[in-house]
Amino acid sequence: MATSEKTCNLGLYEKAMPGDLSFVQMLQAAGQAGFDHVELSIDESDRRLARLDWDRDQWRQIAAAQNQVGLAFRTMCLSGHRKYPLGHPDPAVRRRSLDIMEKALALADFLGIRIIQLAGYDVYYEKGDAQTRALFQENLARCADMAARYGVLMGFETMETPFMDTVGKAMGFVAAIHSPYLGVYPDLGNLTNAAVKYQGDLYADLGCGRGHLLAMHLKETRPGQYRDMEFGSGHVDFPQGVETARALGVNLFVTEFWHDGRPDWQDRLASVRAFIRRQTGI
């Protein structure tokens, strides 16, 4: 049996493209720019959360787009929990958060998505405390049981807030839940900012996740700024970050940036793809 010489998979975040594209157009644009897959976004907007409540015929349209183009939605960024967090003190909001998780797992299972990236927040718009942290961990255990039923992996994104801005902090919850379906899906840009903030060793922090790192977001940042930056304009060391991640077993990466309304967005996709290739070889 022939084997591919390609050792890494580089994906494109859905929101790097205009929001009015069809699924076919989205996948075609990513493929034309040289990406290997697209990361589906289920964010806190009503429009994207609604995808979880589509009927099977609507889900089949996404699957058909994958088959038509020959490119997959291989990962999912589930940031809808910012609005409906697992640790919220209101039981109704927590029920909604678990409903979102169950439906996201069902959609991932249907489409063949292997990894769901979880937002590492106990609460986002509210003030966290010992209660929200405990509720978050309690409901996280329920999510891990759901993920085990579907056979879909979940990985924490390292965020911009102190609750979970390092791999070490994420691993505290991974160790507590102790499920093979829960790991870490770190963001290299956010980790770089955290290393500066805490005067820590980014690469030692990544090493805390050995054996539990599922994938990695590649995003440009600078101290105090976490998004909407052009690649190459910040302080993220992409060559060393990717080399370290690969040494730890990570072979799936996703470039995270956002469409800013510019008409030459397709050229930007190709430019980012070329930048990552030059910087990291993937």
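Just so it is clear, the model here is predicted, and its values are computed rather than measured.
Put simply, CZ on R47 and OG on S41 are 8.5 Å apart, with the number rounded to the nearest 0.5 Å. Rounding to the nearest 0.5 Å gives a distance of 6.5 Å between OG1 of T221 and CG of N190. Separating the NE2 atom in H81 from the CG atom in L86 is a distance of 4.5 Å, to the nearest 0.5 Å. With rounding to the nearest 0.5 angstrom, the CG atom of L188 is 6.5 Å from the CG atom of L191. Remark: L52 CG to I42 CD1 distance equals 4.5 Å, nearest 0.5 Å. With rounding to the nearest 0.5 angstrom, the CG atom of L105 is 8.5 Å from the CG atom of L78.
M101 approaches I116 most closely through the heavy-atom pair CE-CD1, 4.1 Å. The shortest heavy-atom contact between L206 and P186 is CD2-CG, 4.1 Å. Nearest approach of L202 to A195, heavy atoms of both residues: CB-CB, 4.0 Å. P223 and H235 get closest at one heavy-atom pair: CD-CE1, 3.5 Å. Across every non-hydrogen atom of R94 and L135, the tightest pair is NH1-CD1, 3.6 Å. Contact record, P89 with Q131: CB-OE1, 4.1 Å, taken as the closest heavy-atom pair.
Hydrophobic clustering (ILVMFWY, side-chain heavy atoms < 4.5 Å, transitive): M171 and M216 are in one cluster. Cluster annotation: L111 is not connected to L153 through the hydrophobic network of ILVMFWY side chains, with a link wherever side-chain heavy atoms come within less than 4.5 Å. Residue W258 is not grouped with residue M26 when hydrophobic side chains (ILVMFWY) are merged at heavy-atom distances under 4.5 angstrom, including chains of intermediate members. A single hydrophobic cluster is not seen to contain both Y181 and V167; linkage of ILVMFWY side chains at heavy-atom distances under 4.5 Å, directly or through other members, places them apart. Using a 4.5 Å cut-off between side-chain heavy atoms of Ile, Leu, Val, Met, Phe, Trp and Tyr, with links allowed through other members, V152 and L40 fall into the same hydrophobic cluster.
With hydrogens and angles disregarded, no donor-acceptor distance shorter than 3.5 Å links the side chain of R96 to the backbone of Y84. The backbone N or O of R51 sits less than 3.5 Å from a side-chain atom of W59, completing a donor-acceptor pair. At least one donor-acceptor pair closer than 3.5 Å links the side chain of Q25 to the backbone N or O of S22. At least one donor-acceptor pair closer than 3.5 Å links the side chain of T280 to the backbone N or O of I276. The backbone N or O of T166 sits nowhere less than 3.5 Å from a side-chain atom of T158 that would complete a donor-acceptor pair. The main-chain N or O of S45 is never found under 3.5 Å from a side-chain atom of K83 such that the two would form a donor-acceptor pair. Within the 3.5 Å criterion, the main-chain N or O of G168 finds a donor-acceptor partner in the side chain of D205. Distance alone, capped at 3.5 Å, is enough to place a donor-acceptor pair between the Q66 side chain and the F73 backbone.
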| request: Apply the test salt bridge (charged side-chain N to carboxylate O under 4.0 Å, His left out) to residues D99 and K103: give CA-CA distance (whole Å), side-chain angles for both, the deciding distance (0.1 Å), then the verdict. | output: CA-CA 6 Å; D99 180 62; K103 290 175 178 177; 3.1 Å; yes
| task | Let me see the working for T75 and H37 under side-chain hydrogen bond (donor to acceptor under 3.5 Å, both in side chains), right down to the final yes or no. | result | CA-CA 8 Å; T75 58; H37 81 276; 3.3 Å; yes
| request: Just do the side-chain contact (heavy atoms from CB on, under 4.5 Å) check on M76 and L107 with the steps written out, would you? | output: CA-CA 10 Å; M76 176 192 295; L107 176 58; 4.1 Å; yes
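Screening residues 202-233 for ring pair (Phe, Tyr, Trp, His ring centres under 6.0 Å) gives Y185-H217, F231-F238, F231-F257, F231-F275 as the qualifying pairs, with residues at least two apart or on separate chains. The side chain to side chain donor-acceptor pair (under 3.5 Å) contacts involving residues 139-151 comprise E102-R149, E102-Y150, E138-R142, N139-R142, where partners must be two or more places apart or lie in separate chains.
Counting only heavy atoms from C-beta outward, the side chains of L98 and M146 approach each other to under 4.5 Å. When side chains are defined from C-beta on, L182 counts as touching L118, because their heavy atoms get closer than 4.5 Å. Counting heavy atoms from C-beta on, the side chains of E230 and E220 never come closer than 4.5 Å. Counting heavy atoms from C-beta outward, T192 and D237 have side chains that stay 4.5 Å or more apart. A heavy-atom distance below 4.5 Å is not found between the side chains of E157 and S79. Residues D43 and K15 meet the side-chain proximity criterion, which asks for heavy atoms closer than 4.5 Å. In this structure, M17 and L12 have side chains that are in contact, with non-hydrogen atoms separated by less than 4.5 Å. In this structure the side chain of L218 reaches within 4.5 angstrom of the side chain of L10, judged on heavy atoms.
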Donor-acceptor list for residues 241-251 side chains, cut-off 3.5 Å, not counting sequence neighbours:
unit_1, atom_1, unit_2, atom_2, d
T244, OG1, Q240, O, 2.8
T244, OG1, Q240, NE2, 3.2
R246, NH2, T7, OG1, 2.8

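Salt bridge status for E256 with R227: absent, with no side-chain N to carboxylate O gap under 4.0 Å. The pair K219-E39 does not count as a salt bridge, with every side-chain nitrogen at least 4.0 angstrom from each carboxylate oxygen. Checked for salt-bridge contact, D264 and R268 miss the test: no charged N lies under 4.0 Å from a carboxylate O. The existence of a salt bridge linking R48 and E14 is confirmed by a sub-4.0 Å separation between a basic side-chain nitrogen and an acidic carboxylate oxygen.
The environment of N67 atom CG is dense: over 12 non-hydrogen atoms of other residues, nucleotides or ligands sit within 6.0 angstrom.
The only option from F156, F136, Y124, Y121 that meets the ring-ring contact (aromatic ring centres under 6.0 Å, His included) definition with F163 turns out to be F136.
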